[in-house]
Number of protein chains: 2
Amino acid sequence: MARTRGGNHTKRTTDELRKRIVNGELPGGTRLTELGLAEDLAISRTPIREAMSRLAEEGLLERVRGGGFVVRTFTLEDMIDAIELRGVLEGTAARIAAERGVDPANLAEIKRLLDCLEGCFGGDAGAMNFDAYSELNARFHDQLAESCASPVIQHELRRVALLPFASPSAFVMARPDDAASYRSLVVAQTQHHALVAAIERREGARAEAIAREHARIARSNLEAAFATGQPGPDTLSRLARYAEQG
Amino acid sequence: MARTRGGNHTKRTTDELRKRIVNGELPGGTRLTELGLAEDLAISRTPIREAMSRLAEEGLLERVRGGGFVVRTFTLEDMIDAIELRGVLEGTAARIAAERGVDPANLAEIKRLLDCLEGCFGGDAGAMNFDAYSELNARFHDQLAESCASPVIQHELRRVALLPFASPSAFVMARPDDAASYRSLVVAQTQHHALVAAIERREGARAEAIAREHARIARSNLEAAFATGQPGPDTLSRLARYAEQG
DNA sequence: GGGCGGAACATTGTATACATTATTGCCACC
DNA sequence: GGTGGCAATAATGTATACAATGTTCCGCCC
């Protein structure tokens, strides 16, 4: 258990198992036994159980009849659906924000982040600050989720964004070269502006439609990452390898 | 622990705690301590922990920083949002089913359930079989969720429907008298028919809109149940009392 | 040869002791 | 009087022994 640091055994085990699942080391359908993992990680069964419970909460594991857990299967289609679902939920948050009105402080923060995102763009792909954009983009989407002031919607949105490669920042830099990524982000940022304008003007239907289409950039990037191969049971591991390469 | 029967300590504790939360006996914000519950239920801490993990999975409890759980707060607004969210997810499932096409066997089963639902209606409110309708309605919605053939969407839909009083069958009989309930169900059944027709004709946008509006019947019934009082921290317990009365 | 039964095994369920960590409140000190 | 730290307390974190429950596979009987 020296692989991942910090916290207690439960947290380390949770992180380690999450990593193995997203890596594809633990393929979908694998049954996890407490004893096996306890031996493997050289700790007792108690933190293993706790970690598996938390991963079931995240949706990475499924409880199986008669006790125990299996790794949930994530095919390419599942990831596409997860991204679509994130778009639907972000769209709902944006629509409700537009319909009910947003807290001024929240709106101000959203606009501030929008300005910061703008600052990441240079005149061309070479001058683009991709890392800063990725970080700010995540915060922008967080703030947007808060704008609807609904704990229930925020909660479920956070859940869906935890699914493998469904988060708003998962595919910011996924294009095969900087020029393609740059173009992709130009479109994304234009949508950010339009989304905020729609919310401010109380145009709920427009806000919802933009948020959905915005998420589909991620879908497009995901499909581009798989353009050369066919989806299959190794989807996650191939995607993880792809993500490592940059 | 003789209150709830069947299964092991974990299951009984899970059911017992769920009941207390939905009843309002454990108000939102209450911190649950393993030791306190263990003493109360006269069992050890282990099944208590396990039960709390599962309820966190259902969204009834929240993990708190530094360990432990608190009961999640469900106000009237939260329930309204949960119902809206269910409508959004059912709408997405219906839209995707229309766009991608449905499995013939699945469609046949949906139509069969639709016929059965039809059979619950008599000429007037007095002849209506409310219990049968409630049961069939739940199965109809289950089958509809399956029609999109997406494990991810089905999974999240099931989750949201688990939130207190957000399920499709929660408010079937919630109106103050049979005549009002009957009218409500006439509208609901008309929407069922329209929804199936839209899916069959591949009219995705229409299917989505109908499913959303369909869920808003539940919202209307929820608000009717609260017409006389103001929402507050006792929302859940008042609603539970209301549900008991019939 | 097929199906039933039972024993051996694997796995999860439960209790409990002990370790570790967070919280609380008091007291000394500034 | 306020603030810092320290001790007491209470909670969760962990390990482990034992119980209960499936599961599997082998042999027996039909």
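Each chain gets a letter, A, B and so on, in the order its sequence line appears, and its residues count up from 1. None of these values were measured; they are calculated from a predicted model.
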Tell me, please, which residues at least two apart from A:Arg54 pass salt bridge (charged side-chain N to carboxylate O under 4.0 Å, His left out). A:Glu50
Under the salt bridge (charged side-chain N to carboxylate O under 4.0 Å, His left out) test, which residues partner A:Glu57, sequence neighbours left out?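 Result, salt bridge (charged side-chain N to carboxylate O under 4.0 Å, His left out) vs A:Glu57: B:Arg63.
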Applying side chain to side chain donor-acceptor pair (under 3.5 Å), name anything that partners B:Glu58, two or more places apart in sequence or on another chain. B:Arg18
Of all residues at least two apart in sequence or in a different chain, which pass the side chain to side chain donor-acceptor pair (under 3.5 Å) check with B:Arg49?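 Side chain to side chain donor-acceptor pair (under 3.5 Å) list for B:Arg49, sorted by chain: B:Glu34.
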Counting any heavy atom closer than 4.0 Å, what does A:Arg63 reach on the DNA or RNA strands: base, sugar-phosphate only, or nothing?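 Touches nothing.
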Write out all pairs satisfying side chain to side chain donor-acceptor pair (under 3.5 Å) with one or both partners inside residues 96-111 of chain A, taking only residues at least two apart or from two chains. A:Arg95-A:Glu99, A:Arg100-B:Asp81, A:Glu109-A:Arg112, A:Lys111-A:Glu200
For each nucleotide in nucleotides 5-16 of chain D, reading 5' to 3', give B when a protein heavy atom comes within less than 4.0 Å of its base, S when such contact involves only the sugar-phosphate, and - otherwise. ------SBBBBB
